[in-house]
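One structure is given below, encoded as structure tokens.
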Amino acid sequence: MELARTDYLPDPALDADAMAAMQRDIAADAVFADDHGLAPESLRLDDPIADTDPAQTALGGDGPVVVGVDQAFREDEAVSVAVALRGERVVERAVGRAPLEIPYIPGLLAFREGGAIVDALRSLSVAPDLLVLDGSGRIHYREAGIATHVGVLFDVPTVGVAKNLLCGTPVSDVEERYLDAGERVAVEADDEVETCANGTTIGHFYQSRQYENPTRRHVNPLVVSPGHRVATGTATALVAATCAGYKLPEPTRLADGAVGDVTR
DNA sequence: GCGACAG
DNA sequence: ATCTTGTCGC
């Protein structure tokens, strides 16, 4: 794919203030509204009807392409793998690398891992209808998490899927009760989010999977937020549609496994 | 000064 | 994220 904004390339050499300033610009350019023409049902992987419905036959040829991206690390380099899926079929895989030049700093993740992601995505030949990134999008101090950053860089629809909450406040205490599969709890902006009004919904906790008796053994919910060109509520619906029985959405799960063997 | 903090 | 085997539970 082609970069849309070379001026937003995540340069690790910038100082923290310049990085934050760039994120405010990125957030201003980001679109937290649906601009993708994707219907969540068109991505459904766990729906039996999707395999036999004639309307879904297009998945074999020109159906929507969802790309999962994940990173792994070695001594001093970050490796990123992008796995492109059309339906449940892997249509392409791309690998990217970049030297690790700065430590992990909450809020500045894109400047540590972004280089490898850009390297991988630039070599991807299929045009993704949606990119699923590991980490936050709008759930970020400046509404410019790694999913938003990458989305604006390529001007492609993106969503962020994290395993932990970076900032924001859930409308109901997720820690108090185990969520059932399919449940979602909105996450609102609070004082930690400096670019939008408190109370704005910036993402959701989404329980993709749960055990029958959560008391004895339970699964933690995913933290989903829109990256670019996707509305907050839609982000969770799209992620839910790409989950196929496991905690992580299929694109992410496959990219996760792929980075594994590339790294080992 | 103290607490919070994606991967 | 990463260092790491078995083990408990569904």
Side-chain angles (χ1 to χ4, degrees), chain A residues 10 12 16 19-20 23 26-27 68-82 96-118 120 131-151 158-170 174-175 178 180-181 187 189-195 202-228 235 239 245-249 252-253 255-264:
Chain A
M19 291 178 180
Q23 292 181 324
I26 289 172
V69 185
D70 190 33
Q71 291 71 244
F73 309 87
R74 290 203 289 197
E75 298 82 290
D76 53 5
E77 81 168 341
V79 178
S80 178
V81 171
R97 303 163 188 282
L100 283 176
E101 306 186 322
I102 59 175
Y104 162 67
I105 301 170
L108 301 178
L109 182 65
F111 292 90
R112 173 178 164 81
E113 310 184 353
I117 295 176
V118 170
L131 240 48
V132 181
L133 281 295
D134 250 42
S136 292
R138 195 180 187 184
I139 292 181
H140 180 272
Y141 308 123
R142 293 166 289 278
E143 294 180 278
I146 197 162
T148 301
H149 198 138
V150 173
T158 61
V159 296
V161 176
K163 301 175 194 65
N164 292 289
L165 186 64
L166 172 62
C167 60
T169 306
V174 178
E175 304 297 277
Y178 295 123
D180 294 324
V187 173
D190 53 22
D191 294 320
E192 294 282 297
V193 183
E194 55 179 59
T195 52
I202 53 179
H204 292 86
F205 268 99
Y206 172 65
Q207 197 71 50
S208 55
R209 174 193 176 170
Q210 189 52 282
Y211 290 120
E212 288 182 22
N213 192 337
T215 303
R216 304 187 63 81
R217 189 188 190 74
H218 67 277
V219 176
N220 288 135
L222 296 173
V223 184
V224 181
S225 60
H228 179 48
V239 168
Y246 295 91
K247 170 177 178 173
L248 294 176
T252 303
R253 212 172 65 77
D256 200 357
V259 197
D261 357 284
V262 173
T263 301
R264 295 169 222 157

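Sequence lines set the chain letters: A, B, ... in the order given, protein chains first and strands last, and positions in each chain run from 1.
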Have a look at [X] and say if it touches a base, only the backbone sugar-phosphate, or nothing, with a 4.0 Å heavy-atom cut-off.
X       : result
Y104(A) : base
L100(A) : nothing
L165(A) : sugar-phosphate
G107(A) : base
A72(A)  : sugar-phosphate

Can you check whether [Y]'s main-chain N or O pairs, donor with acceptor, with [X]'s side chain at less than 3.5 Å?
X       : Y       : value
R112(A) : I102(A) : yes
T158(A) : A147(A) : yes
E113(A) : Y104(A) : no
Q23(A)  : G107(A) : yes

- Would you check if Q71(A) and V259(A) make a side-chain contact, meaning some heavy-atom pair closer than 4.5 Å? no
#### Entry: Side-chain heavy-atom pair H149(A), F111(A) within 4.5 angstrom cut-off
yes
Chain A vs DNA chain B, heavy-atom contacts under 4.0 Å, first-to-last nucleotide span, 5' to 3', is dC5(B) to dG7(B)
Using nucleotides 8-10 of chain C, report all nitrogen or oxygen pairs with the protein that are shorter than 3.5 Å.
residue: dC8(C); atom: O2; partner: R217(A); partner atom: NH1; Å: 3.1
residue: dG9(C); atom: OP1; partner: R216(A); partner atom: NH2; Å: 3.4

In short, T263(A) meets A72(A) closest at the heavy-atom pair OG1-CB, 3.2 Å
Counting only heavy atoms from other residues, nucleotides and ligands, does the tally under 6.0 Å from CG of D261(A) exceed 12? yes
Given Watson-Crick and G-U pairs under 3.5 Å, DNA chain B in dot-bracket ([ ] crossing, | other strand) is .......
